[in-house]
Amino acid sequence: MKPGTTSAACAALLRRDLALIWRRRGDALNPLLFAVIVVALFPFALGPEAQVLERIAAGTIFVAVLLASLLSLDNLFRSDLDDGSLEQLVLSPHPLSLLLACKIAVHWLTTALPLIAIAPLLSVFLHLPDTVLPVLLGTLALATPLLSLIGAICVALTAGMRRSGMLLTLIVLPLIVPVLIFGAGACNAAQAGLPYGAPLLWLGAWLTLALVLAPLATAAALKISLT
Amino acid sequence: MKPGTTSAACAALLRRDLALIWRRRGDALNPLLFAVIVVALFPFALGPEAQVLERIAAGTIFVAVLLASLLSLDNLFRSDLDDGSLEQLVLSPHPLSLLLACKIAVHWLTTALPLIAIAPLLSVFLHLPDTVLPVLLGTLALATPLLSLIGAICVALTAGMRRSGMLLTLIVLPLIVPVLIFGAGACNAAQAGLPYGAPLLWLGAWLTLALVLAPLATAAALKISLT
Amino acid sequence: MPAIDLVDTPPLLAAHCLAYARNEEPIFGPLDFSLAAGEVVLIEGDNGSGKTTLLKVLSGLLEPTSGEVLLNGVHLTLAKLSHQVALLGHLAGIKMELSTLQNLRFAVGLGGIRPGITPPLALASVGLAGYEDQPVRLLSAGQKKRVALARLLLVPAALWLLDEPYANLDREGIELVNRLLTTHAQRGGAALITSHGAYAYTSGTPRKIALNPGTGNRESAIGPKSTPTKDASA
Amino acid sequence: MPAIDLVDTPPLLAAHCLAYARNEEPIFGPLDFSLAAGEVVLIEGDNGSGKTTLLKVLSGLLEPTSGEVLLNGVHLTLAKLSHQVALLGHLAGIKMELSTLQNLRFAVGLGGIRPGITPPLALASVGLAGYEDQPVRLLSAGQKKRVALARLLLVPAALWLLDEPYANLDREGIELVNRLLTTHAQRGGAALITSHGAYAYTSGTPRKIALNPGTGNRESAIGPKSTPTKDASA
Amino acid sequence: MNPLVLWFHKLGSPPYFYRLAGRFQPWLYALALITGAVGLYGGLFIAPADYQQGDSFRMIYVHVPCAWMSLFVYVFMAANAFVALVWRIKLSETLAMASAPIGAAFTFITLVTGSLWGKPMWGTWWTWDARLTSELVLLFLYLGVIGLYHAIEDTRQAARAAAFLALIGVVNLPIVHYSVVWWNTLHQAQTVSLMGQSKISSSMLWPLLTMAFATHVYFFASLLARSRAALLALESGKDWVREIALRESAQEARAHG
Amino acid sequence: MAEFFHMGGYGAYVWAAYAVFAIVLVADALTPLWQRRRTLHDIAARLRRESTRDGARKNRAPTTQDPTA
Ligand code: HEM
Ligand SMILES: Nc1ncnc2c1ncn2[C@@H]1O[C@H](COP(=O)(O)OP(=O)(O)OP(=O)(O)O)[C@@H](O)[C@H]1O
Ligand SMILES: Nc1ncnc2c1ncn2[C@@H]1O[C@H](COP(=O)(O)OP(=O)(O)OP(=O)(O)O)[C@@H](O)[C@H]1O
Ligand SMILES: [Mg+2]
Ligand SMILES: [Mg+2]
């Protein structure tokens with residue numbers, strides 16, 4: 001009678017979460033579709049003029065990606081909570097923060113990465129200049145993991161409630177506004193021909209910090225909201 | 001042993017749904033918050049220039065209201081499905097379309113109406129000219145019930161699945177594009193000093209049609225997805 | 001709206017060659033049985049033998065693959081079913097957020113009410129007096145079940161379909177269910193209940209329908225048996 | 001990591017003055033009891049008497065209002081609990097989308113495995129051979145319960161906390177649970193199970209802890225009783 | 001009974017349809033391949049370069065047939081959806097659901113090739129022109145039907161729900177089209193209609209028509225193949241399917257030693 | 001020949017369009033084959049499983065009727 005190793009537990013968790021997402025791969029596409037749809041709504045709402053769309057392109061794409069990954073965050077612990085798996089995770093002998101880091105990684109890989117991959121298409125819809133596209137992709141690559149990590153803390157805080165839904169958005173919002181300002185700001189600067197290195201560096205620094213601290217904070221928040 | 005009258009059943013349903021929303025009034029505010037947040041993100045994403053914001057104000061508010069009421073639509077039948085109440089509704093001796101019309105009405109009253117009420121605040125955020133505000137409110141008053149009615153059909157179609165989430169958005173999108181085009185189009189026309197009566201008339205005509213047909217279609221869709 | 005006092009009409013419920021298959025896999029096989037007013041019949045079967053599925057078919061929530069169901073001698077359609085059948089499944093259609101009394105009031109609004117009973121009375125008679133304003137969410141598993149039972153008392157349905165009504169109930173609750181069933185039968189109602197044979201309905205003429213597990217029980221044993229099974233805890 | 005072969009250490013689990021109150025309302029009153037290795041104890045009580053709550057407290061999911069719990073003579077903290085307690089509640093932590101085997105594999109990855117058993121063996125021994133690739137969602141209520149039981153077989157936990165393990169199971173399933181409990185007790189494990197007294201654990205020395213319903217049972221009757229209750233269906 | 005009605009009745013029986021479709025399918029694939037090859041040869045080698053667009057006009061031979069197909073398939077799907085909902089014919093459900101992914105594929109090709117054509121011609125990959133926008137909405141409709149079909153557990157129920165959506169989409173498409181036209185002309189006229197009225201010479205025309213024929217034939221071939229696969233899944237409990245499954249697995253076992 | 005591939009400067013666009021056309025349709029043609037194989041596989045596996053299930057059931061409950069499948 002001996003418990004398994006922590007790495008075995010993490011591997012089991014990764015394998016299970018990926019298997020679950022594969023089983024519901026239709027659902028996994030949802031954030032992607034949502035972002036596409038939000039972006040596609042704007043031309044209808046604003047009219048088809050290219051100059052207007054071009055001006056708002058980077059910002060709108062950023063907002064759409066952000067909303068899509070926030071809305072999908074809600075499911076991060078939801079189903080585990082509903083069927084009692086989360087209790088089992090908390091009761092397991094392994095460090096909870098590590099297990100949660102695995103879950104966050106799976107979330108980023110399966111929602112944010114496809115969003116980044118589809119960003120070029122979105123930028124075509126809104127006539128984003130080709131020169132700005134690399135900057136957009138770079139900022140998204142830095143900003144989305146930051147969103148997943150920060151979001152996870154907030155989801156953990158609201159995990160005790162059923163249907164936290166949009167309250168989550170409210171809690172996350174103040175935390176991610178800086179990410180939005182720096183991310184979209186870098187793109188807008190690039191579009192206007194201004195230097196855009198500084199905001200990217202800031203994002204990188206925050207990301208490093210969040211990678212270390214967010215899983216610990218998430219574990220603490222989860223323990224608070226479960227007992 | 002006699003069953004109650006249909007009007008008693010509708011009254012009971014309205015009373016229950018309102019009581020439920022009152023019990024979870026925190027949740028009921030969520031669409032409102034979501035719309036405010038989406039609108040509030042845009043100045044951060046685009047920068048504070050008033051001319052840009054003014055140009056996109058009406059369209060962005062429309063998109064935000066639309067997304068907020070779509071996302072809340074998902075809950076229209078969700079909880080009733082989860083706890084078996086929907087089965088009881090379908091099994092009841094009263095016309096299902098009438099019962100569903102009551103539910104849709106409650107949804108509109110508790111999500112869209114507050115959104116319309118808050119639209120003036122949103123338009124301040126984005127520097128919408130004061131002259132356009134009445135047009136915006138008028139189009140929203142016509143467009144949001146249309147959204148609720150069209151959305152209800154789609155929700156009923158997806159009721160058979162657990163966690164339809166954003167698939168719903170995908171299904172609804174093609175159906176509401178005309179609403180968005182005419183609604184936001186009227187506002188944009190008003191802002192540009194052009195006549196805007198025709199799109200309003202169109203919206204009104206569609207609304208009348210939808211009021212009659214949508215509950216029937218919703219009932220048909222629900223029966224398909226429940227049996 | 002037809003009156004439903006049909007104590008002397010021959011079979012309240014009759015099934016001919018009723019079968020259900022999910023994705024072509026037979027769940028329960030061609031069944032023939034009938035249920036007279038005043039009768040309570042127990043559906044027995046192992047785990048996975050299709051008891052829940054049978055009740056769903058009989059309540060009109062699932063469409064049978066073959067066979068037909070007659071209610072009072074007429075074909076059963078969804079609309080006709082509505083106020084003659086009360087289903088108590090795993091999901092009771094009870095709102096966790098609302099109080100017990102609010103839930104019952106809604107059930108009455110939707111389905112009508114039997115004469116001579118009110119929601120508070122029904123709550124009292126399932127042993128939940130004093131819990132009128134308690135949100136159902138805060139009740140224990142057995143207490144929730146009792147709320148669902150109170151709904152049965154209120155709604156004027158002649159046929160009760162009860163899926164494992166005894167599960168989660170304490171001894172008193174089990175007696176309560178038996179009492180409810182006896183009264184219902186005496187009033188001319190009928191009931192089909194599933195159970196694993198542990199707590200049989202003990203008064204009246206307990207008949208059983210046996211479902212053979214999984215095999216699509218093509219020649220399932222049906223007919224009156226008289227031994228209530230009490231030897232379960234062996 | 002400490003070894004858990006503790007057949008001769010005095011009490012596996014001991015509770016002193018354990019009480020839980022929700023919003024100042026006592027749910028179960030100060031309880032004193034102990035559980036030796038090799039013992040299976042039945043928690044009895046009416047609906048709403050706090051059985052589920054007691055198990056949640058003992059598993060560390062709820063914090064007791066007062067009193068303390070000792071596991072092998074040491075204070076019980078969440079971290080210590082982890083691999084010595086296996087909880088089978090109403091929610092089994094089983095993914096409906098995954099197959100039975102995938103679920104058990106994950107449980108093993110997370111909690112480790114007892115020597116001499118594998119997930120497919122465990123499935124076979126709860127009577128689910130042949131259901132290895134079936135998504136749990138497609139199983140009946142009793143079959144789901146069996147998957148949860150299979151998890152207990154795999155995970156190396158000395159103390160089992162089982163909330164109504166007999167509910168939804170057929171007669172064969174009930175025997176299965178009793179068999180599992182006997183084996184577990186013989187191996188030096190211990191178990192606390194709730195039940196409404198219908199199917200008592202019949203071999204070994206069945207002891208009971210009674211919770212008085214609702215009153216916050218401040219002077220609850222605790223101690224060994226020897227009559228298993230079989231007279232439930234009266 | 002009228003022999004034609006009888007034949008339709010028989011066609012509705014899955015094993016009969018499966019066998020019949022199995023007999024037609026290879027011939028349809030072959031015909032599509034041959035006419036497609038002829039059409040492409042004509043389009044790429046025989047047709048002269050356009051005096052205005054140069055060689056870029058050769059995109060017409062994939063773009064336009066696929067654009068036509070994207071609309072044709074939707075009509076076909078909706079017609080089957082209607083039959084499926086009204087008369088509850090299992091085969092129509094299958095056909096409707098099998099045509100959705102093919103239609104989505106043609107729509108996707110139309111959008112991509114149109115984009116690839118638009119870049120050199122209009123200088124942009126995408127504009128919010130009425131026709132383009134309607135085509136995008138059409139893609140969303142297809143995706144919605146497919147998504148709904150796959151998201152619902154029970155296949156027959158899923159088919160009925162998706163069929164319902166397809167029918168609503170039929171009503172909606174003209175509305176979208178005209179609202180987009182109206183919207184597009186509100187502010188400024190987009191100068192899009194480059195090709196609308198240009199007269200086309202017969203050496204340019206016949207490859208186009210051949211390609212159109214080839215894509216139609218391909219559609220039916222693919223439809224039959226998809227329906228056959230779907231019928232196997234739908235009827236997986238029936239003996240005729242079990243026989244096929246056992247036969248194939250035995251063959252496979254032999255092939256692997 | 002090079003001129004043919006060059007397509008008067010539009011080569012990249014034209015060939016990309018034809019490539020998309022070919023790739024998408026080939027993928028579309030292959031899907032049913034793949035689906036068919038998987039379905040038959042699943043059915044064969046299920047038949048095998050069902051036979052073990054029936055076997056297990058017979059051992060547990062000798063009174064149940066012999067399944068005719
Ligand atoms: C993404 C961009 C595009 C999309 C979505 C698109 C879509 C369509 C559709 C749906 C049709 C069929 C219309 C019908 O039969 O009623 C069509 C036809 C056609 N398209 Fe495109 N198109 C695009 C770009 C282009 C471009 C750039 C050109 C050439 C400059 C072009 C030339 C044509 C021609 C010649 C026809 C046939 C016209 C006819 O049958 O009347 N398309 N396109
Ligand atoms: N949603 C479903 N989809 C597919 N198969 C299902 C589904 N629900 C149940 N089954 C299968 O159908 C069979 C009958 O299930 P059912 O729930 O009717 O059994 P039951 O007699 O109620 O069993 P229990 O006593 O365990 O509740 C089982 O073999 C089960 O695996
Ligand atoms: N989440 C909750 N919040 C507040 N009170 C609760 C909650 N859950 C249960 N209760 C109350 O606590 C008491 C004990 O509940 P518990 O679920 O422990 O009972 P139980 O003994 O398991 O009953 P049963 O046999 O019906 O399952 C009950 O009176 C119940 O109403
Ligand atoms: Mg059942
Ligand atoms: Mg309990």
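Because the structure is predicted, anything quoted here is derived from the model rather than measured. Chain naming here is simple, since letters A, B, ... match the order of the sequence lines and numbering starts at 1 in each. The figures that follow rest on heavy atoms only: side chains count, while hydrogens, waters and symmetry mates do not.
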Decide yes or no on side-chain contact (heavy atoms from CB on, under 4.5 Å) for B:R16 and C:N103, but give the supporting numbers first. CA-CA 8 Å; B:R16 187 199 64 160; C:N103 267 300; 5.6 Å; no
Would you please test B:L20 and C:L98 for side-chain contact (heavy atoms from CB on, under 4.5 Å) and show each step? CA-CA 7 Å; B:L20 272 174; C:L98 297 185; 3.6 Å; yes
Take C:K95 and B:S79 through the side-chain contact (heavy atoms from CB on, under 4.5 Å) test and state the conclusion after the steps. CA-CA 9 Å; C:K95 287 284 168 199; B:S79 75; 3.1 Å; yes
Under the side-chain contact (heavy atoms from CB on, under 4.5 Å) rule, what do C:Q102 and B:R23 come out as? Steps first, then yes or no, please. CA-CA 12 Å; C:Q102 280 176 311; B:R23 280 284 162 110; 3.5 Å; yes
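Against chain B, no residue from residues 116-124 of chain C qualifies, as none has a non-hydrogen atom under 4.5 angstrom away.
The minimum heavy-atom distance between B:A12 and C:G109, with the atom names listed, is CB-CA, 3.6 Å.
No more than 12 heavy atoms of other residues, nucleotides or ligands sit less than 6.0 Å from atom CZ of B:F44. Applying the 6.0 Å contact sphere to NZ of C:K56 captures no more than 12 heavy atoms from other residues, nucleotides or ligands. Within a 6.0 Å sphere centred on CH2 of B:W202, heavy atoms belonging to other residues, nucleotides or ligands number 12 at most.
B:L96 does not touch chain C: none of its heavy atoms, backbone or side chain, sits under 4.5 Å away.
Taking CG of B:L89 as the start and CZ of C:F106 as the end, the distance is 5.0 Å to the nearest 0.5 Å.
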